[in-house]
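In this text the structure is predicted, and so the values were computed from the model without any measurement.
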Amino acid sequence: MGFFSKLIRSKSVAQLQSEAGASRDFRRTMGVWQLTAIGVGAIVGVGVFVLAPNEAALNAGPAIVLSFLVAGIGSACAALSYAEFAGMIPVTGSAYTYGYAVLGELPAWIIGWDLLVEYALIVGVVAAGTSNYLQSLIAQLTGLHLPVFLQGAYDPAVPDSGRGVNLIAMLVALGVAALQVARTEVGARFNTVVVALKVLGVIVVVVVGAFYVNTANWTPFIPPLIHDAAASGGTRYGVGGMLAAASIVFFAVFGYDTLTTAAEESKNPQRDLPLAVLASLGMAMAMYLAISLVLTGMVPYNSCVDPSQAAGQCTEMILASSAPVSAVFAARDLHWVSGIINVAAVAGIASVVFAFMLGAARIWFALSRDGLLPGWFAKSHPKYGTPHRPTIVLGVFTALAAGLLPIRELAELVNIGTLSAFIVICASVLILRIRQPELERRFRTPALWLLAPLGIVFSLFLIIGWPWVTEGRFHMIGGLDIVTMWRFVIWMALGLAIYFLYGMRHSKLATVDRG
């Protein structure tokens, strides 16, 4: 077999389906609602409690609802493609496995390597976020505080803070890993309860807040354009600001892909996975739209924390604060809701840790089972039937990252990796329709010839930015910064080195070729 042929060798869909049916690596214990809870748990977290109100204040105003709709279109295109693949190839590995079937081994490795670091970084970042909310909740309930040294990681930008280790973040990461090393259904049930608490908290915020909505705060729905050198494209608000916000909030509406990594732990994957993908995105979008309308209706989008300051001239805006939902209710003298909000925030963020650690461990397992990483990691626990080895390593790695690193900048790497996966999925499902139209598909993406290219275009625009013209000047708004792109290139270069030095020679398909 020639060099190029090795790079694009692939598993057939029939082979993957056969392996899925014969696999005994995991115990099939999860139903559609537990899978949906994993998806909702991954999607709804910081976006509800921080991202949506922050972007309303800084870029979109009440039109943050339109930003979510724009972002939702791109995300829905990818979700429908995921649903078709999940019903057709119910194998652990998500986009990596789908890429292996359609694009070949090297493209599959690239996307698997990409997703592995993105999911792990999300776990580290979100564990640190959970720590902040937990510390706030503990202080609110008991008045106790950790020693300053244990409250957060050392940050060179704030050298005199006295902080050194984020102890609670480390414990969160290790605790979630321990849950997932034990029986999957135990962790899944815990996650379902946590997600239920989060959803209940969002419902309380929306229902209580609805009684305090002043519809005058929604006018103008798209605020007039203002110039600001610090803003994306040099402006805020207007249609450009709404699109810039869409580039940001898009990253609050992905996460359903994590549930597809649990395909081999699903009781009826070809039926349940497509349902769970679409249900989790639909439920999350409903929550985002509702909470955006309520918060921008309760207070003007540009209102100040300090009521003596004029709107638009704030040192700090209510919706742009570090805890904007609590700040909105405090501004309306609804302090009793803040405790509920803190509990919901902790539950929401903890469920994101659960979902993405589950996804990372199963992608690692799939890469190892295919021979692209050492096979030692592809041994499930003899008693619990879980991928315990990659889960333990990920638990330690993410605990160290969350506890010791100031990971604000690393968090941006998550975005480009996820969008790259979306491009692969939308392209792969389209290619497979052309190559093998006769395959049985339990779920068929409607209007695929429109939606798959649309998903690719949306993802590219969200990476490079939206082309826009303001006052006769062409520029790009939104998109990812150049530093993030260079970090992504470096990580991909490391992945290519591992593939060419190890994975290409040890791949299970290479063994078949030699045999």
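- Once rounded to the nearest 0.5 Å, the distance linking CG of L80 with CZ of R444 reads 13.5 Å.
- Annotation: side chain of P107 is not in contact with side chain of V424 (no heavy-atom distance under 4.5 Å).
- Here OG of S507 is found 11.5 Å from CG of L106. Values are rounded to the nearest 0.5 Å.
- Just one of I456, L448, L451, T445 meets the side-chain contact (heavy atoms from CB on, under 4.5 Å) condition when paired with L430; it is L448.
- At a threshold of 4.5 Å between non-hydrogen side-chain atoms, the residues L243 and N59 do not count as touching.
- The backbone N or O of V181 sits less than 3.5 Å from a side-chain atom of T386, completing a donor-acceptor pair.
- Two residues are said to be in side-chain contact when any heavy atoms from C-beta on lie closer than 4.5 Å; L367 and I363 meet this criterion.
- Judged by distance alone, with hydrogens and angles left aside, the side-chain atoms of W364 form no donor-acceptor pair with the main-chain N or O of T391 at under 3.5 Å.
- One finds the CD1 atom of I423 at 4.0 Å from the CG atom of L460 (value rounded to the nearest 0.5 Å).
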How far apart are the C-alpha atoms of S67 and E55, what are their side-chain angles, what is the distance that settles it, and do they pass the side-chain hydrogen bond (donor to acceptor under 3.5 Å, both in side chains) test?
CA-CA 9 Å; S67 301; E55 285 304 306; over 6 Å; no

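- Counting heavy atoms from C-beta on, the side chains of L372 and W113 never come closer than 4.5 Å.
- With contacts defined as side-chain heavy-atom distances shorter than 4.5 Å, the pair M170/L400 qualifies.
- No side-chain heavy atom of F458 sits less than 4.5 Å from a side-chain heavy atom of C77.
- Between L373 atom CG and Y499 atom OH the span is 12.0 Å, to the nearest 0.5 Å.
- Side-chain contact check for L281 versus S75: some heavy-atom pair is nearer than 4.5 Å.
- Side-chain atoms of W109 and M504, non-hydrogen and from C-beta on, never get closer than 4.5 Å to each other.
- Within 6.0 Å of the CZ atom in F397, the count of heavy atoms belonging to other residues, nucleotides or ligands does not exceed 12.
- The line from OH of Y119 to CG of L394 is 12.5 Å long, rounded to the nearest 0.5 Å.
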